[in-house]
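Below you'll find the structure, written out as structure tokens, and then a few comments.
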Amino acid sequence: MKITLAGQGWTFEAASSDTVLEAAEMAGVRLPSSCRNGTCRTCICLSTSGAVRYKIEWPGLSLDEKREGYILPCVAMAATDLVIEAPAASQF
Ligand code: FES
């Protein structure tokens, strides 16, 4: 799966078993994160295209947020190619 950061124009590959956060880190992209288990919401970002599945049953997102396209990259795995908006992302 290909993940694109809309604002920066960066793209990286994600295996279906990697979370978006892990895939980003393997590609040298740092996304905001803290708990890494889907509760603190530090990593929340908008996905403007594509679909994700979650490795935990209840990621800390409301139904409305899910409908609007918000995802938690620390526990979300790309089910399709994804476009996400993460203005605070940096490269290392
Ligand atoms: S890092 Fe805490 S919810 Fe993602």
Side-chain angles (χ1 to χ4, degrees):
M1 261 67 71
K2 189 175 82 165
I3 301 181
T4 303
L5 285 178
Q8 295 86 347
W10 302 334
T11 62
F12 54 89
E13 284 295 320
S16 55
S17 56
D18 292 332
T19 64
V20 174
L21 184 64
E22 288 165 346
E25 286 173 349
M26 279 185 266
V29 173
R30 183 176 290 121
L31 299 175
S33 71
S34 180
C35 73
R36 303 174 78 95
N37 65 18
T39 54
C40 75
R41 296 164 54 92
T42 300
C43 64
I44 192 168
C45 71
L46 191 62
S47 170
T48 53
S49 116
V52 297
R53 57 198 172 81
Y54 282 97
K55 67 178 203 179
I56 59 171
E57 205 167 340
W58 300 109
L61 288 172
S62 71
L63 205 53
D64 281 348
E65 287 169 334
K66 282 189 185 172
R67 283 201 195 103
E68 287 163 21
Y70 285 95
I71 64 166
L72 293 177
C74 68
V75 284
M77 295 165 293
T80 65
D81 287 353
L82 282 184
V83 178
I84 63 174
E85 291 186 5
S90 58
Q91 281 180 314
F92 60 92

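One-based numbering, in listed order, for ligands and for the atoms of each. Quick caveat: nothing in here was measured; it's all calculated off a predicted structure. Quick note: residue numbers are just sequence positions, from 1.
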Of all the atoms in ligand 1, which lie at a distance below 4.0 Å from a heavy atom belonging to [X]?
X	answer
Arg36	1 (S), 2 (Fe)
Thr39	3 (S)
Cys43	1 (S), 3 (S), 4 (Fe)
Gly38	3 (S)

Original post:
Who's the nearest protein heavy-atom neighbour of atom 3 (S) of ligand 1, and how far?
Top reply: Arg41 N, 3.1 Å

Subject >> 4.5 Å side-chain heavy-atom contact, Leu82 and Thr4 >> reply: no

**OP:** Would you indicate whether the side-chain heavy atoms of Glu13 and Lys2 approach each other to under 4.5 Å?
**Re:** yes

Original post:
Would Cys40 count as a contact for atom 2 (Fe) of ligand 1, in the sense that one of its N, O or S atoms lies under 2.8 Å from it?
Top reply: yes

Subject >> Side chain Thr19, main chain Glu22, donor-acceptor under 3.5 Å >> reply: yes

Original post:
Okay, side chain of Thr80, backbone of Ala51: is any donor-acceptor separation there less than 3.5 Å?
Top reply: yes

Original post:
Short check: any N/O/S atom of Cys35 below 2.8 Å from atom 4 (Fe) of ligand 1?
Top reply: no

Original post:
If you measure only the distance, is there a donor-acceptor pair under 3.5 Å linking the side chains of Ser62 and Asp64?
Top reply: no

Original post:
Counting only heavy atoms, which portion of Leu21 has something under 4.0 Å from ligand 1: side chain, backbone, both, or neither?
Top reply: neither

Original post:
With a 4.0 Å cut-off on heavy atoms, is Ser34 touching ligand 1?
Top reply: yes

Subject >> Connected via hydrophobic side-chain network under 4.5 Å: Tyr54 and Tyr70 >> reply: yes

**OP:** Count the heavy atoms belonging to other residues, nucleotides or ligands that lie under 6.0 Å from NZ of Lys66, then report whether that count exceeds 12.
**Re:** yes

